[in-house]
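These numbers come from the heavy atoms of this one structure, side chains and all, not from hydrogens, waters or symmetry mates. Positions are given from 1 along the sequence.
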Amino acid sequence: MPELAARCDAWHARLEALAGSEEIGPALLHELTHGDRKSGDSLHLLVMDLHKAINTLAGDVATEEIDGAHAWQVLDEDRPRVQAFMRGLHSTAALKFGHPGLDTAVTRDGDRLLLQNDIGTNDAHVLVIEWTPDALHLTYSDLHPARFEFFAGMLRPLGFEWTAISPGKDAALNEGKSYQVGYASLQSGSESRLAEALERAASRIVFVIDWNRARKRLQHFVRKPVAVGILEQLAREDLGHMAWLLAGGEQLVYDAMQSMDGGGFRVGDRLDRVLGEAAARDYLYALMREASVRLREQQPVALVADEARLLLARAMRKRAFEFDLLAEQAAYCQALAQSIVEMLLEPASPSGLQQQLARAKTWERQADHLLVEARQRSHHFERWQPMLGLLERMDDVADVLEEAVFVLGLLQHPGMPVMPAEVNRHLSAIAELTLGAIQDQVKVVEISRHLEEGSAQRDGDEFLQVLWRIVRAERACDEALRMARWELVGQWRGQAAALQMAVEFASNVEQATDRLLEVAYVLRGRVLEKSGVQS
């Protein structure tokens, strides 16, 4: 390489001329260290070019090849160690499906055996492992902090302890972009323990190839932590993500979403918003698993596309998003009813009372937003129409309960008379009956969801039992309201404002059970219709 030799001679002469200098000025420092080739040569550029040239020549100058690793100047006792590393590397290397990377070079430096693996095509993505008599020392560099942590997380269970992780930046590496550099070690006096850890660490390398690309594409459908969790599970199970990327990646999922009949998806829908986060995660994992298995069996990519549609159709049958909204509305109603019970049990301070009122208003608005979302979907998807009435009734429950919280707040205002114990007892009875009915309503919604999927007769029996508890709660609440009115007239006859607000509060809470009963009867009709029974 005459050009490199000439550059070496030139820089050697320049450095010798600087030997007597006591300081280096800014201009000379820039000439020595810059990485911009348009600005001319530099000592830094020369070093980097020499490094690349060494990597290129490594295979040619290797004195031997050990299970695919280019090795030179190694000792006889090093060969089993190299074989352990390459055994781990080969155990999962097929999961890169032809992607460049995993080239390994091995040499010895004094008492250290050095193993370097160029993971991919990026200069800043390199792994170097040093085998010393009683430890493994590892240096890892990566452009992406999230991928760095992913790799570090895979090695921690093996016993590697990360002692330093810091950002780096080099104009000659990775187009000048910053990258992470970390150092880890595993201490052991056992040769077999070190070999086992070395083999297992090598088997993890393939899972960081194109990891960031897979993560970004998964984030079209789920949140980042969920996407990372999927990739972690695929690595633990030696499945990987490359097959999914090669088979089409996110386009597989988009095509499957578009193929769904019945208006399951519309333009702009995220998978986790339609299926729910857990179901979306399970679907993506199952699809990526199928892609890995099928491509390793050398099955056609078209088969993976078919699997994507079948898996999504199965997930859609298991997940009814309208029931998710109904369940979420019921949860807000339960929170409002619980708040009423607690306010009657132990009135808050003036500042605490304001917090309770603000929190109740937030819950009511969130319930409203769910109804707005359902109405928007009903304009596009016919299957939403039957559920819209249920969602509207549940929203009415949230409205009357939030109004009851507000009125109760007025009753507990410092300027109002103290509520008599008997009045509080009767109002608490109404509130507790309503809370119990809402808790049963939450159960009714969940049982209805599973009954529509076609579950056991036992679930149908439980549905009817819970339904009739709501009926009894509504009737008991009617009677409790009458008793509360009677007590209010006797206790607060001379307190017109308090009497009016207390009656209004009790009526609002009682109205919630009326709306709950309406929802329960509609769900009953749906369940019986699905069962082929006339309601």
Side-chain angles (χ1 to χ4, degrees), residues 1 4-5 7-8 11-12 15 43-90 101-120 122-142 151-152 155 158-166 168 170 172-173 179-205:
M1 300 180 183
L4 281 177
R7 290 170 63 192
C8 286
W11 276 106
H12 188 266
L15 292 174
L43 180 61
H44 175 73
L45 287 174
L46 174 62
V47 171
M48 295 311 303
D49 289 344
L50 288 171
H51 176 75
K52 290 179 181 180
I54 291 172
N55 284 343
T56 301
L57 292 172
D60 297 333
V61 302
T63 56
E64 62 180 305
E65 185 176 292
I66 304 175
D67 292 350
H70 299 297
W72 61 97
Q73 296 182 342
V74 296
L75 305 177
D76 290 340
E77 60 263 31
D78 291 330
R79 291 183 178 83
R81 301 161 184 172
V82 178
Q83 288 168 346
F85 181 87
M86 297 307 294
R87 189 163 56 247
L89 199 70
H90 292 323
L102 303 186
D103 292 333
T104 302
V106 184
T107 191
R108 174 162 281 278
D109 179 19
D111 66 345
R112 302 180 305 161
L113 174 67
L114 302 178
L115 304 100
Q116 175 177 312
N117 189 272
D118 293 322
I119 297 171
N122 191 290
D123 290 335
H125 199 195
V126 177
L127 173 68
V128 177
I129 299 178
E130 301 178 14
W131 179 302
T132 61
D134 58 356
L136 294 175
H137 301 283
L138 181 150
T139 302
Y140 176 64
S141 63
D142 199 316
F151 184 67
L155 265 56
L158 306 181
F160 284 92
E161 295 183 4
W162 293 86
T163 56
I165 300 174
S166 59
D170 194 311
L173 290 178
Y179 55 91
Q180 297 287 113
V181 180
Y183 307 93
S185 61
L186 187 154
Q187 304 288 333
S188 178
S190 167
E191 175 90 9
S192 60
R193 171 75 178 93
L194 294 177
E196 179 184 354
L198 184 64
E199 179 178 344
R200 187 61 179 162
S203 73
R204 303 300 88 194
I205 299 173

Check the pair Asp78 / Ile66 against side-chain contact (heavy atoms from CB on, under 4.5 Å), numbers first and verdict last. CA-CA 10 Å; Asp78 291 330; Ile66 304 175; over 6 Å; no

Check whether any side-chain heavy atom of Leu127 sits under 4.5 Å from a side-chain heavy atom of Leu115, and report yes or no.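 No, their side chains stay 4.5 Å or more apart.
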
Is the closest side-chain heavy-atom distance between Leu194 and Leu186 below 4.5 Å?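 The answer is yes, as the side chains (C-beta and beyond) meet within the 4.5 Å cut-off.
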
Between Gln73 and Glu64, does the side-chain contact (heavy atoms from CB on, under 4.5 Å) criterion hold? Intermediate values first, please. CA-CA 9 Å; Gln73 296 182 342; Glu64 62 180 305; over 6 Å; no

Counting neighbours of CD on Gln83 that are heavy atoms of other residues, nucleotides or ligands and sit closer than 6.0 Å, is the number greater than 12?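 It does: Gln83 CD has more than 12 such atoms within range.
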
Hey, is CD on Glu161 packed in by over 12 heavy atoms from elsewhere, all under 6.0 Å?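 Incorrect, the count does not exceed 12.
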
Check each of Asp67, Leu113, Thr104 against Phe85 using the side chain to side chain contact (heavy atoms under 4.5 Å, CB included) test, and report the only one that passes.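 Answer after filtering Asp67, Leu113, Thr104: Thr104.
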
Among Met86, Arg87, Arg81, which residue satisfies the side chain to side chain contact (heavy atoms under 4.5 Å, CB included) criterion with Glu199?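 Looking at Met86, Arg87, Arg81, the match for Glu199 under the side chain to side chain contact (heavy atoms under 4.5 Å, CB included) is Arg87.
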
Between Ser190 and Ser188, a side-chain donor and acceptor under 3.5 Å: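 Result is no, nothing qualifies.
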
Would you name the heavy atoms of [X] and [Y] that are closest together and state the gap between them?
X      : Y      : result
Ser141 : Val181 : CB-CG2, 4.2 Å
Ala195 : Ala84  : O-CB, 3.9 Å
Ala184 : Trp162 : CB-CD2, 3.5 Å

Between [atom1] on residue [X] and [atom2] on residue [Y], distance to nearest 0.5 Å:
X      : Y      : atom1 : atom2 : value
Glu65  : Trp72  : CD    : CH2   : 12.5 Å
Glu191 : Glu77  : CD    : CD    : 8.5 Å
Leu136 : Leu158 : CG    : CG    : 10.5 Å
Leu75  : Arg79  : CG    : CZ    : 8.0 Å
Asp134 : Arg193 : CG    : CZ    : 13.5 Å
Leu102 : Leu89  : CG    : CG    : 5.0 Å

Okay, side chain of Arg108, backbone of Gly110: is any donor-acceptor separation there less than 3.5 Å?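 Looks like yes, one N/O pair under 3.5 Å.
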
Check whether His90 reaches the backbone of Gly68 with its side chain - one donor and one acceptor, N or O, closer than 3.5 Å.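 Answer holds: no.
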
Taking the inter-plane angle between the rings of Tyr140 and Phe151 on a 0 to 90° scale, is it parallel (under 30°), tilted (30 to 60°) or perpendicular (over 60°)?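 Tilted.
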
